[in-house]
Amino acid sequence: MAQDAPPVRPPPPSFSPLAIACDRHSCQDGLNPSRSRLARRAVPLIGALLMLALVALAATLAYAWGERREFARLDDAAAHQLDLYAAVLDIELGKQADLPWLIDADGEIESLLRTPEPNAIRGAVNRRLTRFATRSGALWAAVIDGRGRVVATSDWYRPDSQLDHIAASEPCVAEALAGQDARRFAVDPTSGAPEVCLARPLVRDGRTLGALLVRISLEPIEATWVDAAFRAESEKPLVVDQQGMVIMSSVPGWKYRPLGSLTVPSRMLPGGVQLVRLQAPGSPGTGLHVLHERPLARFGWRLLILSSAASVQRDARTAAWGAGTLVTCIALLLMLVVQRRRVVAQKLATRAALQRANDELEAKVRQRTAELEASNRELRHEIDERHHAEQVLRQAQEELVQSGKLALLGQLSAGISHELGQPLTALRALAANGRLLLDRGRGDQVRENLSSIASLVERMGRITSQLKAFTRKSPSSVRPVALADAVANACQLLATRLQDEDITLRIELPDALEVQCDGYRLEQVLVNLMGNAADALRGTAERRLTVQAEVTGGRARVRVIDSGPGISAALNERLFEPFFTTKPPGEGLGLGLVISSHIVREFGGQLRSVPAASGAVFEFDLALADAGTDAGPPALPTPSEERHV
Ligand code: ADP
């Protein structure tokens, strides 16, 4: 039974993770490849720029925050230091500010001023001033008369004593003699050391008798600032007088110079903190400084502190670097996490896609397996049916073979009866003749007759045994058969007919070729093929029938060739159909080729009609009898033997 070919299915899609990933991406963003490639390249660039901007912002903010915090800290520290320096100055200067008033405790000085000549009072006042100066730490103490002459002094005993020296030109003295308390800054003319001149007029009855003068050195206070002078980043205290002149400073080079020549205002910080830039040559530490000041009310001076902002900027830079690094680390960490998550998500997606593909594949395999099982069942069913049909066919064929044989026997019966009739007539004549010859005593001729009778009987016996072979239904006995014998027997069976119909028989066989088959059945095949050829040659002008054989491919190939009309294509298709015949009723059953083909197949060969330029060619192959040992080279056919039977 014909069955439709299964539909050709497309091959299952390949499921490489990469292909899936690509598909997923291209499907997800829906971009064309070049645009999506551009987008993929732009994303990290934008990310990097964003990260840079973020780092820069964090660094800037951290710098500003650090600067503000450090300035606040510096401001606090400077204010604190300023308080300390101011307190020290106030205490030190305040302690000595009242000294001129302490000197005039007992009216002795007044007496001296009234009688200014050197006398006992003057000596006593001198000694008293010396004691006073020593104990109070003042540099110099003196009594000045109304004309500005030094009438008593603490250095009376020294060779360079200023006793009787006229000091009226000194601003401090002049101011006191003018009736005012004087507090003036002064510079020691010889050492250049800073001093404070304190003077008090001695007024009696509305008249200025003179003045009391004390000089105090500022060097001890300044000496405590020296430490600060050598530390580049420490605060630098300095005192400025009413004219803006630096009169005290931890930096010697700054002294007696206007403050404006040392600093340049830079900017004002929130909270009123003044930033200045140092420009004085030889200053320990330049750059930005925080400037703090407060007035020293007692003298009308100002105390200033300059604190270096270098540490502020350094700390702010450190904070900026720290923040930048931190943000970079966090950003990198975030990028790492995002990247990791993306990779994990991609892996999961790939795994899911693989799983889906796997499921699909499994489903397809299941479906295909089910289909295969179904088709297997169908095939098995079909095979069973075919098997059954083959059995039926084989049975029918066997029966047909049998009936074919019978038909063939019927066909041959005319020839047989002719074949047997002739010897029988001859026998009858020979017997009658023999009796006459015996009566006449011609024994020699009788003997001749008897031997002729014997050979005729033998010939008849051969014919009958061949007939028996056609009609029997026995299992074939396959054994080595001389092909030439089988061909000769077949020719003998058809000899009369071939002779009657004037057919030229040509036999081309290799020497001593033996084939593996049942001899009788082989003869049956040959008789059938040759009989068909004889039928085909009927009515043709040239009647040639050739039986030839050759050894090829380790097998014997036998051909029956005739010069008849040949086999048309339409006829060729139906040759081996049972009961197909082109012969008139009573002449052909349409079983000859079917039976012959069946017999050849039993021998392991195949019977077929071979296309030929003219006439018909039937060919079948048989195993060689010595094929099991060595087939040897193909045997050459003997020189053709042509005969009229
Ligand atoms: P039958 O001889 O009874 O018809 P066969 O099976 O022997 O049955 O032959 C079937 C048919 O094959 C014949 O009727 C004939 O038409 C054709 N045929 C067989 N041999 C030849 C041949 N040598 N030349 C032409 N036709 C042939």
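Note that the numbering runs from 1 along the sequence shown for the chain. Source: prediction; values computed, not measured. Each ligand, and each atom within it, is numbered from 1 in the order the structure gives.
Between F580 and ligand 1, no N or O atom pair is found at a separation short of 3.5 Å. The N/O atoms of L593, backbone and side chain alike, include one that comes under 3.5 Å of an N/O atom in ligand 1.
Ligand-side atoms of ligand 1 in range of A533: 23 (N), range being under 4.0 angstrom from any heavy atom. Applying the 4.0 Å criterion to heavy atoms of L575 picks out, from ligand 1, the atoms 12 (O), 17 (C).
Judged purely by distance below 3.5 Å, without hydrogens or angles, the side chains of R521 and Q524 never pair a donor atom with an acceptor atom. Between N449 and Q445, the side chains place no donor N or O within less than 3.5 Å of an acceptor N or O (distance only, hydrogens not considered).
The two residues G66 and A319 come nearest to each other via the heavy atoms CA-CB, 4.5 Å.
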>> If you apply the rule salt bridge (Lys or Arg N to Asp or Glu O under 4.0 Å), what do you find for D621 with R555, and how did you get there?
In response: CA-CA 6 Å; D621 57 303; R555 292 178 73 80; 2.8 Å; yes
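Contact annotation for I567 and ligand 1: only side-chain heavy atoms (C-beta onward) come within less than 4.0 Å of the ligand. Of the heavy atoms in D535, none comes closer than 4.0 Å to ligand 1.
Ion pairing between a basic and an acidic side chain is recognised when a charged N comes within 4.0 Å of a carboxylate O; D444 and R447 show such pairing.
Remark: distances from the non-hydrogen atoms of F576 to ligand 1 are all 4.0 Å or more.
Paired with H381 under the rule side chain to side chain donor-acceptor pair (under 3.5 Å), one option of E385, E378, R377 passes, and it is E385.
For atom 25 (C) of ligand 1, the nearest non-hydrogen atom from the set S609, A534, A536 comes from A536.
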